**Q** 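Just dropping this structure here.
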Amino acid sequence: MKIATWNVNSLTARLQHVLDWLIANPVDVLCLQELKMTDDKFPLEVLKSAGYEAAVFGQKTYNGVAILSLAPVRDVVKNIENFADEQSRVIAATIETPSGPLRVVNCYFVNGQEPGSEKFAYKMKWLGALHDYLAREIAAHPNLVLLGDFNVTPEDRDSFDPVGLKETIHHTTEERNHFKALLDLGLTDSFRMFEQPEKSFSWWDYRMLGYQKNRGLRIDHILVSEPLVPRVTGCVIDRVPRKWEKPSDHAPVVLELGPGA
DNA sequence: ATGGTCGCTAAGCGA
């Protein structure tokens, strides 16, 4: 089965891209971030016509996340449990698969603007809360996928300019330590299980011909829990829709899972 | 050269 993540930067602006991409890439699960719409505006019917159910956690203007799935979703949880958050950034759900239940945790991590800012402090607090929530979530659901827009480059090789951007947003030691803490929960960055092209990125700034010059960052990730690791058969970034007219600034990332034991 | 480009929403914010 295939599970994908895509920050669409407004589902209103990108609905046709999503539909076109799903026709070419009929993944089992597609997790979306930055819907930038309230639940009542979510295009449930058109996605249903495309074969997908949806669990939605929207918000006006900013943020907003959704899980699209061919198979039914259940036990939907919105937000990080025990963390008061006014922003719609996390939605989790269980999907019944032929290999058993799979917990999917879809996140739009805080951007953080710049180190030292109030938004950065919020990012650190949010990351700490996510970590504690995930520790409980993994214990309850051994087969778990954590995916989304992490707004963190895990390593220098995930940035087009790790020297010039050292300790700037998405590159700070503090952010990377939070990413490592997620790995310490037993999660594995599926993208790095495989040989990948150098300078593989998932986001490129709209400004300064960022995409054309491949001035990008790898900040969209798919992490898998320990029992899933032997089932991972691939993880790729699909740059194709980044070349379409009026693209999202992010490209989809796609995980392939084998059937397992 | 202290900007640049989007999206949302109607001047400025967030990314």
Side-chain angles (χ1 to χ4, degrees), chain A residues 5-21 30-43 46 56-66 79 85-91 106-127 130 147-154 158-172 174-176 178-179 201-221 237-253:
Chain A
T5 177
W6 194 5
N7 180 324
V8 291
N9 184 21
S10 165
L11 185 57
T12 308
R14 228 67 62 194
L15 179 58
Q16 196 55 52
H17 278 28
V18 170
L19 296 170
D20 290 346
W21 188 80
L30 174 59
C31 293
L32 301 174
Q33 303 89 35
E34 284 208 86
L35 305 177
K36 298 188 174 180
M37 59 167 55
T38 47
D39 288 14
D40 58 303
K41 300 278 197 301
F42 189 87
V46 62
V56 184
F57 186 27
Q59 184 185 325
K60 186 177 164 65
T61 311
Y62 303 116
N63 309 308
V65 285
N79 260 335
D85 198 345
E86 294 181 358
Q87 307 187 8
S88 302
R89 296 183 171 278
V90 180
I91 187 165
N106 174 26
C107 300
Y108 174 46
F109 286 51
V110 178
N111 177 296
Q113 200 167 52
E114 65 174 322
S117 68
E118 252 179 59
K119 291 196 176 75
F120 190 81
Y122 166 53
K123 183 175 195 173
M124 295 303 109
K125 220 176 124 186
W126 189 94
L127 284 163
L130 179 74
L147 74 174
D149 175 359
F150 284 53
N151 272 316
V152 178
T153 59
D158 300 310
S159 172
F160 72 97
D161 186 11
V163 176
L165 296 173
K166 194 174 171 64
E167 295 301 331
T168 65
I169 197 65
H170 308 309
H171 300 71
T172 67
E174 222 177 331
E175 291 166 282
R176 287 178 175 178
H178 275 289
F179 186 88
F201 307 128
S202 64
W203 171 87
W204 301 261
D205 201 305
Y206 285 125
R207 295 168 286 189
M208 300 286 290
L209 300 172
Y211 182 72
Q212 289 85 337
K213 296 177 175 174
N214 198 30
R215 294 164 59 91
L217 306 175
R218 192 176 72 93
I219 54 177
D220 300 88
H221 308 299
I237 297 168
D238 181 6
R239 291 164 48 140
V240 169
R242 188 61 177 78
K243 300 170 190 160
W244 292 347
E245 200 175 335
K246 287 260 169 197
S248 166
D249 42 358
H250 294 253
V253 185

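Every heavy atom of this structure was used, including side-chain atoms; hydrogens, water molecules and symmetry mates were not. Chain naming here is simple, since letters A, B, ... match the order of the sequence lines and numbering starts at 1 in each. Keep in mind that this is a model prediction, so the values were computed, not measured.
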**Q** Which residues pass the side-chain hydrogen bond (donor to acceptor under 3.5 Å, both in side chains) test with A:S202, sequence neighbours left out?
**A** A:D220
**Q** Not counting sequence neighbours, which residues clear side chain to side chain contact (heavy atoms under 4.5 Å, CB included) with A:K60? List them please.
**A** A:T38
**Q** Under 3.5 Å, which protein N or O atoms sit close to an N or O of nucleotides 12-15 of chain B? Give each pair with its distance.
**A**
from: B:dG14; atom 1: OP2; to: A:K119; atom 2: NZ; distance (Å): 3.3

**Q** Expressed as a whole number of angstroms, how long is the span from A:R215:CZ to B:dT5:C1'?
**A** 14 Å
**Q** In whole Å, measure the gap between the C1' atoms of B:dA10 and B:dA1 for me.
**A** 29 Å
**Q** I need the CG-P distance between A:L35 and B:dC8, as an integer number of Å.
**A** 11 Å
**Q** For residues 201-218 of chain A, pull every pair meeting salt bridge (Lys or Arg N to Asp or Glu O under 4.0 Å), keeping only residues two or more places apart or in separate chains.
**A** A:D158-A:R218, A:D189-A:R218, A:D205-A:R207
**Q** Of all the nucleotides listed (B:dC6, B:dG4, B:dC8), which has the minimum atom distance to the side chain of A:T12?
**A** B:dC8
**Q** For A:M37 and A:P43, work out which heavy atoms get closest and say how close.
**A** SD-CD, 4.0 Å
**Q** Taking CZ from A:R14 and C1' from B:dG7, how many angstroms apart are they, rounded to a whole number?
**A** 8 Å
**Q** Quick one: which residue pairs count as a salt bridge (Lys or Arg N to Asp or Glu O under 4.0 Å) with a foot in residues 116-126 of chain A, not counting sequence neighbours?
**A** A:K123-A:E175
**Q** Given atom CE of A:M208 and atom C1' of B:dT2, what is their separation to the nearest angstrom?
**A** 12 Å
**Q** State which residues pass side-chain hydrogen bond (donor to acceptor under 3.5 Å, both in side chains) with A:D20; sequence neighbours excluded, sorted by chain then number.
**A** A:Q16
